Protein chains: 4
Amino acid sequence: MVRVGIINVMGYAGADLARLLYTHPEARLTSVSGRSGAGKPLAEVFPHLACYNLMVEPEIGDVDFVFSALPHAASAEAVAPLVRAGLPVVDISADFRLRDPQEYAAWYGGEHPAPDLLPQAVYGLTELNREGVRTSRLIANPGCYPESALLALAPAVKAGIIGPEIIVDSKSGISGAGRTLGLTYHFAEANESVSAYGLDGHRHLPEMVQELARMWPPAEAPQPFGSAQDRPLSPRVTFTPHLIPMTRGILSTCYAPLLPGRLPMGEAAKEQVRELYREFYRGEPFVRVVDSPPSTKQTQGSNLCLVYPTVDVRTQRLVVVSVLDNLVKGAAGQAIQNMNVMLGLPETMGLEAPAVYP
Amino acid sequence: MVRVGIINVMGYAGADLARLLYTHPEARLTSVSGRSGAGKPLAEVFPHLACYNLMVEPEIGDVDFVFSALPHAASAEAVAPLVRAGLPVVDISADFRLRDPQEYAAWYGGEHPAPDLLPQAVYGLTELNREGVRTSRLIANPGCYPESALLALAPAVKAGIIGPEIIVDSKSGISGAGRTLGLTYHFAEANESVSAYGLDGHRHLPEMVQELARMWPPAEAPQPFGSAQDRPLSPRVTFTPHLIPMTRGILSTCYAPLLPGRLPMGEAAKEQVRELYREFYRGEPFVRVVDSPPSTKQTQGSNLCLVYPTVDVRTQRLVVVSVLDNLVKGAAGQAIQNMNVMLGLPETMGLEAPAVYP
Amino acid sequence: MVRVGIINVMGYAGADLARLLYTHPEARLTSVSGRSGAGKPLAEVFPHLACYNLMVEPEIGDVDFVFSALPHAASAEAVAPLVRAGLPVVDISADFRLRDPQEYAAWYGGEHPAPDLLPQAVYGLTELNREGVRTSRLIANPGCYPESALLALAPAVKAGIIGPEIIVDSKSGISGAGRTLGLTYHFAEANESVSAYGLDGHRHLPEMVQELARMWPPAEAPQPFGSAQDRPLSPRVTFTPHLIPMTRGILSTCYAPLLPGRLPMGEAAKEQVRELYREFYRGEPFVRVVDSPPSTKQTQGSNLCLVYPTVDVRTQRLVVVSVLDNLVKGAAGQAIQNMNVMLGLPETMGLEAPAVYP
Amino acid sequence: MVRVGIINVMGYAGADLARLLYTHPEARLTSVSGRSGAGKPLAEVFPHLACYNLMVEPEIGDVDFVFSALPHAASAEAVAPLVRAGLPVVDISADFRLRDPQEYAAWYGGEHPAPDLLPQAVYGLTELNREGVRTSRLIANPGCYPESALLALAPAVKAGIIGPEIIVDSKSGISGAGRTLGLTYHFAEANESVSAYGLDGHRHLPEMVQELARMWPPAEAPQPFGSAQDRPLSPRVTFTPHLIPMTRGILSTCYAPLLPGRLPMGEAAKEQVRELYREFYRGEPFVRVVDSPPSTKQTQGSNLCLVYPTVDVRTQRLVVVSVLDNLVKGAAGQAIQNMNVMLGLPETMGLEAPAVYP
């Protein structure tokens, strides 16, 4: 039985880690920390976690595996000594997602606290990087928006069927903003309302661009759907997140131009692109390619991501809709999936529960 | 491994049974039926159940244990032959809850389809009737409203501290109305709105009264809190259900006059009544007596019932607030809890997952 | 054209006053104040009020009529000099609702700032006190919960048909808690959840009791439905407010025992009590007695209160359900109704708009 | 006083017409029709319209002005004889929006019932076509999605600053689907969920394309921002509508590539495009260009459309967010605005009420 600790259990990601770990057969949550809650029973901070008989401590105790759910900067500072001491760590913050510390400084407004660890950090989108996750001790758990966009776009990008002019329009439930107070998240303001935000540049944008660029096929390489001398090398992404009046869930609608000649014209393109996606995710336990547009409720509380790819045949655009639970596949569930892979456990262990529907 | 069947998986109670059974270590769902869905994959009726590779059949196949989630009348008709053949059955419909077939006819508008089975049916509120559940093959699973009211009132009734003038004011999420279409349940009508219904008599009322009357201590018996010659013998309950704009959850606020002399006057009564409740539910895995008013979200998706008893010291009334998830502790979870007891399995098996919060 | 000022436009009651005044034919909002917003355009604090070209000032300017939407204590301090200078004032705070300054101190935790003004203050529930409102310069606008309970109970109380053992179970949207931040009101916590609060005594309770006691018919007086020597003199009220996941609206379910002999037994009582209510509110523009249980959405944004009285014939209890928009009939609309009466304008002026449905 | 009739008052658009007309100073609703409600009081169909003392009739009576809120096809059939008889008509259905009857047949699945009337029909997006509205007797009221997209894109299109590769990603409240029952609109299914629909082609797409094409500046004409020999002539639009869990409101996020050389590079482009929009809508009472991303709640119940244009400077894309109430500016309010213009009344008459916020 692996003894697990959560650094900063005070937010929704930390709490959902605790929720999911409770029924994990091979991991036991033995220590949780949190500055504002230190000294309180976990059951007082989160009554639904009263099943645990744990106190929130100022620092986590002796454990075999660590999740950090601290905010950025604080997280790297907290986990750096643990990583250096050889503890396996999944960091849910953004600190180890961007490989370039200058990019980090530009978007997060401060020097990176542990740039020496960046080379060994692995971007933990398991489906796209399983081998990297298996062999690393420091996992950067993906952001919830990039998770939804990358799973939606990866098959098309890797198949070389789309051009780089990409738009990601995401709709998120309000738990994505965390448990922090703010007028925007006051029920009376957020309910019965939708708004866009982050239009001047959301911090999840560079993460999306970095990972899309990494998977972008080189122009000179042979392509599955024919020659690609015209393939540009870098995606140009516009990303607009929206807050919608629900608690959990993200739906991302992704748009990209189809490169000419890669897919058949007309309705046949739809089935072909769906087949391409099905093939790409064949055997994946947590990504399901679906035949009709999915709803976020179908993933509520579960580690599933549903992906619906289609083609706008009038304009020759790929349109992909993906849905997931931002706190599970977009955070805590993805983190446990990474833990399972790191520890050599079955990847689905503790994550099998179907969505809570309705 | 017990092979389990669900008769009528088409509604929310049936679907939540399937959801919960998926991770049950000793039961396997092997057959589901449903008239309107017969011939379709379960994954088409409920995409979140795509983890099952089951077809909806017109009738369930060969199984070891049966849940029926049919509407009343149809349910008794369907399970009667199974019960007679010796199969253990948990009936989620109302058919075997009322012991008196004439009462049944009065409230459900038709003769009882299997009155001969009523004597062997056991009202399956496990916490109040564990021994009965263990020894029966036909369990009447409680209604969601009675479940919340009875768990809230039982300790006070059995302790003989309240008089019979009881008011139960319940607030339910809209999944309680089922998956049937109706203008009342249209999102645009139900959202941002609350309304009372069933004011001329809701079918869950006789069920509450019957069970409260059964547990009501006889006037002549010695009482824990002193003599009770003035104890009336039958509760007089007003029950008002309300629809509120949420999907899952019931909160019941229960009011009853304190009998004079049973509790101390003033603030001390609050702590004493809480202690009485704590004692009553000590060791119960699914009922938790809490120290501050609970919210339904703390039970979302879980089999918990949280109970908060207090005293209005100005008017000498007991006020008890209880919360639960109407589809779990109020239906499917309670049913599986009963199955576990009937089969001699650990009572919490498959039901340990904490609430999905937030 | 009456020049109107709002002291503290920063909360929801102040904002809804401004909203409603915008289309009032005889009043013009010319000055608004607010500490935290002073110096900002009103359009910045509340974008939906950009139709006004007003700045939020530290103090209101020269006006003919004043609404105060300050919190208690601060409100009495602010309006006292204005009242003494002869300005007509409607105070939306609780400061002038309780006639007894000691009661005020007990519930609001401090000495009353202007006890000398209490004798001239009039409780502004217009339907029950129209003449008082017409002749006063200082109106205590009712609390939202008492408004809903008093309109539900007044006809029965004044007719002498109920006993004093009253329960008021209220369900409120979250705007009732104001625009202040708090974890309870965070969307992710409040959504998909219901909870009770104020179980140790909500500040609206003494207000209800005071006004019910005032209208309670003396035992010796002749009663509409027969002799009433057994009438007690003071109501004993238990009041439980609940927060439900919607923005606007209050539904109160009120319970009281019918006095024996005042109404016919059986189903006929229902029609008779409805007729009594219809008669009581005949000609009232803002209170409508309805024939089926109403929903809060039917009053959204409007100054209506819908009242549904019925009888639980099994237990001989009166049950009355009332609904209103807590920010309109429960605050700003009621305040403008009072202003109209004070100024001799048609009572419905500026308040005619139907509810925004759905 | 103009006597107004509503053909088919049974849906949400019809009901909101009735709501808004109630306080219109120069129009009086004197007749309403509706097949399923014929013979019932309007107050029974919509309790919030009990202020009217009207019966729903099988056909509207003698009136001076007609709104039709019938479904497509039925609407053209019903209004054709009225138009031919000289009555001014605003048709809220889609029947007179597409100028080409073959396009109509392709999208609406049947021959146009009155193609002879198409030439005199005017597309009633008042802000973009005021003179046409003033001089016509048959107005095709815009669809709610096109309304939001066209108001968002018109200034940029007419200024010639964007290319034709347009994406419109819209999020709508569920009242947009009407009052018809359907599992998708059941509260328990729609709440806490978001989904895309219409991905194979929504009927509002050809309407958007038609109107964008009409306003598209010819390539040879001189352009405000420099020469435009490279301007293509026809917009290529991908439109994806989404259902989100709220009742009223549409937010559309519109994306288009900036043509090179028309705007300054870098941050300055944002202010310049905002100034261009401000200038375009200067003096418009119902369209407001705002300086920060708006929320739909800021328009709830009102006839406002808020438009927020900005530039993604990394990718040189125009991004415009617009919000409106789908039942008001997207249907009933827009229709009354058109009526006002047709009748020579002040355009804002009866439409001045601010949004109901929160």
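Owing to the predicted nature of the structure, the values given are computational and were not obtained by experimental measurement.
The choice from C:Pro245, C:Gly173, C:Ser175 that makes the most heavy-atom pairs within less than 4.5 Å of chain A is C:Pro245.
Ring centroid separation for the pair A:Phe187 and C:Tyr185 does not come in under the 6.0 Å cut-off.
The only member of C:His204, C:His202, C:His242 that meets ring pair (Phe, Tyr, Trp, His ring centres under 6.0 Å) when paired with C:Tyr197 is C:His202.
The contact between C:Arg179 and chain A is made by backbone and side chain atoms together, counting heavy-atom distances below 4.5 Å. Heavy-atom distances place the backbone of C:Thr180, and not its side chain, under 4.5 Å from chain A.
Put simply, the side chain of A:Ser148 gets close to the backbone of A:Tyr145: a donor and an acceptor are under 3.5 Å apart.
Closest approach of C:Asn8 and C:Pro71 over heavy atoms only: ND2-CD, 4.1 Å.
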